[in-house]
Each structure stands twice: as C-alpha cells, then as structure tokens.
Novice: 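Here it is: the structure, laid out below.
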Amino acid sequence: MQYYNVRFVFIAEAFIGVNIGTDLSDMPHPTQVVALLKAQQIWHVRLYDADRGMLVALANTGIQVMVSVPNEQLLGIGQSNSTAANWVSHNIVAHYPATNITAICVGSEVFTTISNAAPVLVNAMKYIQSALVASNLDRQIKVSTPLSSSIILDSFPPSQAFFNRSWNPVLIPMLNFLQSTGSHLMLNIYPYYDYMQSNGVIPLDYALMKPLAPTKEAVDANTLVHYSNVFDAMVDAAYFAMNFLNFTNIPVMVTESGWPSKGDTNEPDATLDNANTYNSNLIRHVLNKTGTPNHPGIAVSTYIYELYNEDLKPGPVSEKNWGLFNANGEPIYILHLTGAGLVLANDTTNQTYCTAKEGADPKMLQAALDWACGPGKVNCSALLQGEPCYEPDNVIAHATYAFNSYYNRMGKAPGTCDFNGVAAITTTNPSHGTCLFPGSTGKINGIGNITAPSMNSTSSAPPAQNLYNLGSMSFLLLRVLICSIVFL
C-alpha cells in the first residue's frame, strides 16, 4: 500500500460544537437551552431530530445548527422521494434562513444500530439532497450521516486502517455522494470506550489527550508518524480507510466525542477529573488548528457529547453522565480552557469556589484542613464553636470553608484548589445560613457563572454529601499546632 499525506483543497476554520440530547426528566424549555448556549458562547449545535420548538428558539441567533433525520424515520425516507421532500419542506424550508441550518445528519450510526436500514441509507441521503436542490438550498446545507468509529478495522497503526468490508456496497456509494456534494465524513470518536475495551493496551493518558513524552507516543511503523492521543489516531485512520477505497478529498468532521463524569463500580475512570481533562484538552486541541499528525493544518471540527446529563438514558451510570451541564444550567465541572477563547468559557464571572470532594478520605481531609488553618495561614476563626460556620461540625463542611478561604487568599490561582486531590472547584456557592464564604456575593446556594435564566424552578443547592463528624474545632486547633505537612 502507498501512504499519502493528503492536503485538501477544502480547509475550513475548526470549531467546537455540542450535541443536545433530550433524555432528561426535566428538559429545559428551548428558549432556556438557547440562553445557555449564548451565555457559553456555543455557536454550533447538533440536534438529534428537527424539533420545531428548538428550531424556532434558535432562529435569529446566528447559531449554526445541524438537524437530524431520526433513525426511526430513515426507512420511510429512504424508500420514498416524496416523503423525503415533505420532511425537508416541514423541517428545513419552514425554518431557513432565520434558523441557520448548515447540515442534515441522515440517521446516526446506521451500520451499527439499525443495520436493516443500511441498504436504503444512500437513497435517503440522495432524496434529501434532491429536495434541497429543488429548494435551492443544496449549497448552504450539506447532507451526511454520522458513523461509529467501530466500522474502521485495524485502526492502529492508522496507515493500515480500512473500513469493515462487509459494508463496502453501501460505503462506496456513500463516499461517492459525499465527494460529489462536498460534504464531510461524519465520525463519532469515543476514546473512553477504546480505552475501556483495550484491556490495558491503551494508556489512560493517551486516551485523555494528555501531553506525552516523545518516547511514550505511539508510532505508525509505516509512516513513522508519532501519535500522542487516540483521537488523532482515529481521525487519521478514517482518512487512510477512505484512501484505501480511493477517496482522498473528503474532510472528516467529528460529530460526537466526550468522556463520562461518573460511572458504575466497574467504570473507575469515568470521573469528573477525567471528563474535565479530556474535554478541556479536546477543545484546546481542535481550536489550536494543528490538525492531526498525518494531516497537519486540516480542520477537525468536533461536537462534544453532550450539553446536558441525560438522567433517562438506559444502561450503565456512565450513559447518564456525559453532559457538561445539569438540567438547571449548572456546570458539571469547570473546564480548563485558559487561552482557548470564549467557547464554553463556563467560568466567565470567576464566581468559583473550592470545596472538599464528596467521598474523599476523611483522614486526608482532616490533614489538609489542619494545614490550611496552620501553615496555609487561613483565618479559621469562623469555624470555632459558637461562630457562624461552626455548624455543621464535620470535616467536610469545615474543610470546605478552609479550602475556599485559601483559594480566595491565593487569588484563585491555578493549582490552589487541590489539597492532595481532596478538593475541587465548583460554581455552586457553599455558603449557608449566616455562614458566608469568602468570594461569595451574598447569594446563598446560587449558581455563580451562568448568565442564562434558571433552567427550572427547583433549588440549585448543592447535592447532599456524606458528612464525617471527626470531632470538635478545639481538637482541630490542637492538631494545627503539631501539623507541618505541606500539601501544595
């Protein structure tokens, strides 16, 4: 096989978008969803349908929208030109140009989810395209279909990758369609699953897009190209798989990628820290316009999965926890996006707080608390018996006050909310009663960084925590006198 480093004539500006799923028991109203998008500077979204309420709410916002033909409608549209024309008339023409629709996803992961509809997939795409042509919208709105990366076999080294040959009778006409219409190959890439299914072959840091030393990078023996993360390797594998079928000028767009923030006991790497790390690294990587190792400078625009945690999703706990936000608009975590621009800048007002992690080892919390009130030079007098922040008298509540005080005293500088891994940044104000935390504006249990209206009428108070009562404040102060461990 020959190995090509193809540079496309078509080079667009890379962008970050988000997917908006709706499997929530308390789905926000479309106007509230749009308010959140605007507050977070999100200008590209993908809908899993063509919901009229969302399309109306997105009108005149400038947000670029990808709509979808749901899988359950694919067979009907793929077998009837008139059904496709009617779908385009009701869901596209009726809203464009007020709603800035830029693409139509015809089905999603059809080969791996509803394989019985695969034979009509290309027909459905062609029928949708014909309806756009008839409405003179084919130049403004592109047609494609998101594919699961699992249809790419032997994906490492990327230069040896090829599509599952059993799908060639559909894939080759589909790629011909994408090439002739100037559309993207849409690909869903989930390094989390690649890592989980690798039986230890894929290192966690490689999946999380963490910087690696050159000696730890993966090398394609055929091209000698180095890869520092799963994401880039999979994108290049898609290019090589297309090249294997003699398609060399179809750009790749990643329609889904992310990392879950919570999982079952058998999913130990579905954590807040890992989700934050992956999505923060992904956003920076896409927006720095470096492309991939074998296609440098070629935009790989990517849609993060997903905007909201979806509590109604079936399956393991991780399925419900891919979101960047809760239904009320509260961030699940604060992305580390310094220097990445304003997109998803969900800390724009700097209303953040440093709190003790739920479930943290109480002994480590106690030691960190001792340090903060001692060598850390935090004024912990508010935690003394009879003072405003004495109650509740437990290590999590007291540590949260001390951690947040230190975090504020240090100007909320990076790295000042860690305390050996038992602290985390939040946007939820932990103040309670007459106990006002440093950095608080006086708003109790409020969401500091969201400028969008509340997504529902329920309280935004922090979730209940497991509280450890390890003795009174007087015992804490005694320990301060003998504690000299430095944690930061």
Side-chain angles (χ1 to χ4, degrees), residues 16 18 189-196 198 200 202-212 216 228-231 257-286 304-309 316-326 330-340 344-347 352-365 367-368 372 396 399-400 403-404 406-407 410 412-428 430 449 462-463 465-466 487-488:
I16 284 287
V18 295
I189 298 177
Y190 286 102
Y192 173 73
Y193 291 124
D194 293 326
Y195 165 74
M196 289 286 288
S198 74
I202 294 177
L204 180 60
D205 287 356
Y206 184 72
L208 289 172
M209 303 184 78
K210 287 188 175 181
L212 298 179
K216 293 188 176 182
S228 60
N229 61 77
V230 172
F231 181 89
S257 193
W259 197 282
S261 60
K262 189 177 182 181
D264 286 321
T265 54
N266 63 341
E267 300 176 293
D269 296 297
T271 67
L272 280 171
D273 286 345
N274 286 345
N276 194 342
T277 296
Y278 179 78
N279 280 326
S280 296
N281 288 341
L282 175 65
I283 292 169
R284 283 196 299 266
H285 184 62
V286 169
I304 292 177
Y305 184 83
E306 59 182 338
L307 186 63
Y308 295 115
N309 272 347
V317 170
S318 60
E319 281 298 307
K320 309 173 193 295
N321 289 280
W322 291 82
L324 298 170
F325 297 89
N326 284 318
E330 179 183 0
I332 306 300
Y333 45 83
I334 302 298
L335 290 160
H336 305 311
L337 294 179
T338 303
L344 281 166
N346 58 0
D347 187 23
T352 55
Y353 306 86
C354 183
T355 61
K357 284 185 179 178
E358 181 180 356
D361 183 331
K363 292 182 179 179
M364 291 188 66
L365 278 176
I396 283 189
T400 291
F403 293 173
N404 186 66
Y406 182 83
Y407 177 59
M410 300 303 291
K412 301 185 178 182
T416 59
C417 180
D418 181 74
F419 295 89
N420 267 4
V422 297
I425 294 172
T426 181
T427 55
T428 301
N449 70 314
Q465 297 179 335
N466 296 320
F487 287 85
L488 300 176

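These figures come from a predicted structure and were not determined experimentally. Sequential numbering from 1 along the given sequence is applied to the chain's residues.
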Novice: Which value, rounded to the nearest 0.5 Å, describes the distance between Asp273 atom CG and Lys357 atom NZ?
Specialist: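 If we round to the nearest 0.5 Å, Asp273:CG and Lys357:NZ are 4.0 Å apart.
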Novice: Examine the side chains of Ser257 and Tyr278 and answer whether a donor and an acceptor come within less than 3.5 Å of each other.
Specialist: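 Side chains of Ser257 and Tyr278: pair found under 3.5 Å.
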Novice: Are any side-chain N or O atoms of Asn309 and backbone N or O atoms of Gly323, one a donor and one an acceptor, separated by less than 3.5 Å?
Specialist: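 Yes, Asn309 side chain to Gly323 backbone: donor-acceptor pair under 3.5 Å.
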Novice: Just verifying a value: how many Å separate Ile189 CD1 and Phe231 CZ, rounded to the nearest 0.5 Å?
Specialist: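 Separation between the atoms: 5.0 Å.
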Novice: If you round to the nearest 0.5 Å, how far is CG of Asn266 from CE of Met196?
Specialist: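 If I round to the nearest 0.5 Å, the distance is 6.0 Å.
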Novice: Minimum heavy-atom separation for Asn279 to Gly258, with atom names?
Specialist: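 The answer is OD1-CA, 3.6 Å.
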Novice: Check whether any side-chain heavy atom of Leu204 lies under 4.5 Å from a side-chain heavy atom of Asn274, and answer yes or no.
Specialist: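 Of all side-chain heavy-atom pairs linking Asn274 with Leu204, at least one is under 4.5 Å.
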Novice: For Pro430 and Thr355, work out which heavy atoms get closest and say how close.
Specialist: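 Heavy atoms only, the tightest pair is CG-CG2, 4.1 Å.
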Novice: Anything under 30° is parallel, anything over 60° is perpendicular, the rest tilted; go ahead and classify Trp322 against Tyr193.
Specialist: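 Taking Tyr193 first and then Trp322, their aromatic rings sit tilted (interplane angle of 30° to 60°).
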Novice: So, taking the atom named CG in Asn276 and the one named CD1 in Ile425, what distance separates them when rounded to the nearest 0.5 Å?
Specialist: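 Spacing of CG (Asn276) from CD1 (Ile425) equals 9.0 Å.
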Novice: Looking at Glu319 and Pro316, would you say the former's side chain and the latter's main chain have a donor-acceptor pair under 3.5 Å?
Specialist: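 Here the side-chain-to-backbone pair does not exist.
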Novice: Could you state the interatomic distance from CG (Asn229) to CG (Leu282), rounded to the nearest 0.5 Å?
Specialist: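 It comes to 9.0 Å.
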Novice: Do you know which two heavy atoms are closest between Asn281 and Met209, and how far apart they sit?
Specialist: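 Looking at all heavy atoms of both residues, the shortest contact is ND2-O, 3.2 Å.
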Novice: Side chains of Tyr206 and Val230: closer than 4.5 Å at any heavy-atom pair?
Specialist: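 Tyr206 reaches Val230 side chain to side chain.
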Novice: With heavy-atom distances below 4.5 Å as the criterion, would you say the side chains of Ile283 and Ile304 are in contact?
Specialist: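 A side-chain contact exists here, since the closest heavy-atom pair is under 4.5 Å.
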Novice: For Glu267 and Val317, which heavy atoms make the closest approach, and how far apart are they?
Specialist: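 Here Glu267 and Val317 meet closest at OE1-N, 4.2 Å.
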Novice: If I take atom OG from residue Ser318 and atom CG from residue Asp269, how far apart are they, to the nearest 0.5 angstrom?
Specialist: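 The distance works out to 11.5 Å.
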Novice: Less than 4.5 Å apart, any side-chain heavy atom of Leu365 and any of Ile396?
Specialist: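 Heavy-atom side-chain distance check passes, below 4.5 Å.
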Novice: Does the Asn404 side chain pair with the main chain of Cys354, one donor and one acceptor, at a distance under 3.5 Å?
Specialist: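 Side chain of Asn404 to backbone of Cys354: a pair is present.
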Novice: Any heavy-atom pair between the side chains of Leu324 and Tyr333 that's under 4.5 Å?
Specialist: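 Side-chain contact under 4.5 Å: yes.
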Novice: Test your reading of the model: is there a side-chain donor-acceptor pair from Thr400 to the backbone of Ala356, 3.5 Å cut-off?
Specialist: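 A pair under 3.5 Å: yes.
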Novice: Parallel, tilted or perpendicular for Tyr195 and Trp259, by the 30°/60° rule?
Specialist: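 The rings of Tyr195 and Trp259 sit tilted, inter-plane angle from 30° to 60°.
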